[in-house]
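For reference, the structure is listed below as C-alpha cells.
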Amino acid sequence: MRLNLFQKISTTTGLLAIVVLLAGCPFSSSVPIDEGTVKISPDLLGEWISPADKESANPTYFIITRDDKFRATAKKMEYSSSDSSYSETVYHLTFSDVNGETFMNAMEEEGTTYSLFKFKFDEKTGEASTSEVTDYIKETFSTSAELKDFIAKNKSNSYFFTNTSDTYVRK
C-alpha cells in the first residue's frame, strides 16, 4: 500500500514538473504583430516533435495544417498517463516579418491573446525552432503597428527573449 501511494505521488509530481516545463509563459498581447505577412511553407506541414522526445513511448508532438497561405493551425498532442490517451490543444498561427526575422503569433482556440515567439524554419535541415518573447515586457499595445515597431526596436536586446528555445524535427 505504501509503495502504491508513493508511486501515485511520484507520478503526480513528475507530471506537474513536465507541465511546468512545457507550459512556458511567453509575452502575450491582445493584438498580433500583424495579420500574417509570411506565407506558410508546405514543408512546415505535418507532425513535429522535440528531438529529445523521439524515443519516448508517448511523446508530446504538434500537427501543423495550413488554413490558407498566411494562416495555419497547430494541434499540440499531449499524452495523459491517467487517461492513457492523448489530448489536444489547438492554436491558430500567423507568421510576421519584422525587419527580416520571422515571428510567430499563436492564439489558443477560444483564447483572446497572442503568445509571441521568434521562429526559424530551416527547410534544408527540416528543423523548426522557437524562442519565447519574454513576459517581462510591461508595455501594452493597442495596435499591431505599435507592437511591431516595439519588437523591431528591441529584438536585438539580450533580455528580449527567455532562455527557453525549443527545436522540433519531423516525427
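Because the structure is a prediction, the values reported are computed rather than measured. Scope of the values below: all heavy atoms of this structure, side chains included, with no hydrogens, waters or symmetry mates.
Counting only distance, with no hydrogens or angles, the side chain of Asn157 and the backbone of Tyr159 share no donor-acceptor pair below 3.5 Å. Of the possible polar contacts, none joining the Lys75 side chain to the Thr65 backbone as a donor-acceptor pair under 3.5 Å is found.
Tracing side-chain contacts under 4.5 Å through hydrophobic residues (I, L, V, M, F, W, Y), one reaches Tyr79 starting from Ile63; they form part of the same cluster.
Between the CD1 atom in Ile137 and the CZ atom in Phe27 there is a gap of 5.0 Å [rounded to 0.5 Å]. Put simply, CD on Glu132 and OG1 on Thr164 are 4.5 Å apart, with the number rounded to the nearest 0.5 Å. Note that CE of Met77 is 10.0 Å distant from OG1 of Thr60, once rounded to the nearest 0.5 Å. How far NZ of Lys39 is from OG of Ser41: 11.5 Å, rounded to the nearest 0.5 Å.
Two residues are said to be in side-chain contact when any heavy atoms from C-beta on lie closer than 4.5 Å; Ser80 and Ser87 fail this criterion. Residues Tyr86 and Asn58 meet the side-chain proximity criterion, which asks for heavy atoms closer than 4.5 Å. Residues Glu78 and Thr89 are in side-chain contact: their nearest non-hydrogen atoms beyond the backbone lie under 4.5 Å apart. For the pair Ile151/Lys148, no side-chain contact is recorded, criterion being any heavy-atom separation below 4.5 Å from C-beta on. Side-chain contact between Pro59 and Lys54 is absent, with no heavy-atom pair separated by less than 4.5 Å.
Lys153 pairs by the salt bridge (charged side-chain N to carboxylate O under 4.0 Å, His left out) definition with Asp149, not counting sequence neighbours.
Judged purely by distance below 3.5 Å, without hydrogens or angles, the side chains of Asp67 and Thr73 pair a donor atom with an acceptor atom. Between the side chains of Asp53 and Ser50, no donor-acceptor pair is found at a separation under 3.5 Å.
Heavy-atom contacts from other residues, nucleotides or ligands closer than 6.0 Å to NZ of Lys120 number 12 or fewer. In this structure, Glu139 places its CD atom where more than 12 heavy-atom neighbours from other residues, nucleotides or ligands lie under 6.0 Å away.
Shown here for Ser29 and Leu147, the closest heavy-atom pair between the two residues is OG-CD2, 3.7 Å. Nearest approach of Gly46 to Arg170, heavy atoms of both residues: CA-NH1, 3.8 Å. Between Pro32 and Ser144, the shortest heavy-atom contact is O-OG, 2.6 Å. Taking both residues in full, the closest heavy atoms of Asp122 and Lys124 are given as OD1-N, 2.9 Å, listed atom of the first, atom of the second, then distance. Of all heavy-atom pairs between Met107 and Thr112, the closest is CE-C, 3.8 Å. Here the closest heavy-atom approach between residue Ser142 and residue Val31 is recorded as O-CG1, 3.7 Å.
Applying the side chain to side chain donor-acceptor pair (under 3.5 Å) rule to pairs touching residues 101-110 yields His92-Glu109, Thr94-Asn105, Ser96-Asn105, Glu101-Lys118, Glu101-Lys155, sequence neighbours excluded.
Phe103 and Phe160 have perpendicular rings, their planes meeting at more than 60° on a 0 to 90° scale where under 30° would count as parallel. Ring geometry for Phe141 against Phe150 counts as tilted: the plane angle lies between 30° and 60°, on a 0 to 90° scale.
By the 4.5 Å side-chain criterion applied to Ile, Leu, Val, Met, Phe, Trp and Tyr, Phe119 is assigned to a cluster that also includes Val38, Ile40, Leu44, Leu45, Trp48, Phe62, Ile64, Tyr91, Leu93, Phe95, Met104, Phe117, Phe121, Tyr168.
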